[in-house]
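Remember, predicted model here, so these are calculated numbers, not experimental data.
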Amino acid sequence: ILRTSTVLTAALAVTACMSKEKSHFVGECGNSGRAVSSCECTFDKLTDKYGTREFMLNTYGDSTTDEFRADARRVVQECKN
């Protein structure tokens with residue numbers, strides 16, 4: 001139980017340092033069953049290329065570009081653990 005508590009505390013500490021956009025994405029992504037580290041990697045790589053605003057628009061907006069979809073598929077594969 002102590003080990004689980006320590007891991008949970010560490011995860012919460014890391015999440016507290018994230019931007020609200022990253023925290024939101026990582027939370028939703030993690031809920032889908034992917035590893036948190038894979039979700040963080042995906043967010044980091046795509047926001048490095050597109051910026052946070054464009055990433056959020058492409059991820060949660062009404063229109064996603066074909067380029068973004070292709071990059072997202074590639075990055076998800078690269079970031080799998």
Indicate, with yes or no, whether the SG-to-SG separation of Cys79 and Cys41 is under 2.5 Å.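 Yes; the two sulfurs sit under 2.5 Å apart.
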When you group the ILVMFWY residues by side-chain heavy-atom contacts below 4.5 Å and let the links chain together, are Val76 and Phe43 in the same group?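 No, it is not one cluster - the side chains of Phe43 and Val76 are not joined through contacts under 4.5 Å.
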By the salt bridge (Lys or Arg N to Asp or Glu O under 4.0 Å) test, which pairs, at least two apart or in different chains, include something from residues 18-32?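 Only Lys22-Asp44 qualify under salt bridge (Lys or Arg N to Asp or Glu O under 4.0 Å).
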Counting C-beta onward and ignoring hydrogens, is there a side-chain heavy-atom pair between Thr42 and Glu78 closer than 4.5 Å?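 A side-chain contact under 4.5 Å is absent here.
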Do the side chains of Tyr50 and Lys45 get nearer than 4.5 Å, heavy atoms only?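 The answer is no; the side chains never approach within 4.5 Å.
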Residue pairs passing the disulfide (SG to SG under 2.5 Å) test where at least one lies in residues 44-74, sequence neighbours excluded: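 Every candidate disulfide (SG to SG under 2.5 Å) pair involving residues 44-74 fails, so no pair, neighbours aside, qualifies.
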Minimum-distance pair of heavy atoms, taken over all atoms of Gly30 and Cys39: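 Minimum heavy-atom contact is N-SG, 3.5 Å.
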Taking only residues two or more places apart in sequence, or in another chain, which ones meet Asp48 in a side-chain hydrogen bond (donor to acceptor under 3.5 Å, both in side chains)?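 Checked Asp48 against side-chain hydrogen bond (donor to acceptor under 3.5 Å, both in side chains); zero matches.
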Who passes side-chain hydrogen bond (donor to acceptor under 3.5 Å, both in side chains) against Glu54, sequence neighbours left out?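 Partners of Glu54 under the side-chain hydrogen bond (donor to acceptor under 3.5 Å, both in side chains) test: none.
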From Ser23 OG over to Glu40 CD, what is the distance, rounded to the nearest 0.5 angstrom?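 Ser23 atom OG to Glu40 atom CD measures 9.5 Å (nearest 0.5 Å).
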Just how far is it from atom CG of Asn58 to atom CG of Leu46, taken to the nearest 0.5 Å?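 Those atoms lie 9.0 Å apart.
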Would you say the ring centroid of Phe25 lies under 6.0 angstrom from that of Tyr60?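 Centroid separation for Phe25 and Tyr60: 6.0 Å or greater.
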The criterion is salt bridge (Lys or Arg N to Asp or Glu O under 4.0 Å); which residues satisfy it with Asp62, sequence neighbours excluded?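 Partners of Asp62 by the salt bridge (Lys or Arg N to Asp or Glu O under 4.0 Å) criterion come out as none, since no residue qualifies.
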Please check this pair: side chain of Ser38 against backbone of Arg34, looking for a donor-acceptor N/O pair closer than 3.5 Å.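 Pair absent, no side-chain N/O of Ser38 close to backbone of Arg34.
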Using the side-chain contact (heavy atoms from CB on, under 4.5 Å) criterion, which residues pair with Arg53? Sequence neighbours excluded.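 side-chain contact (heavy atoms from CB on, under 4.5 Å) list for Arg53, sorted by chain: Leu57.
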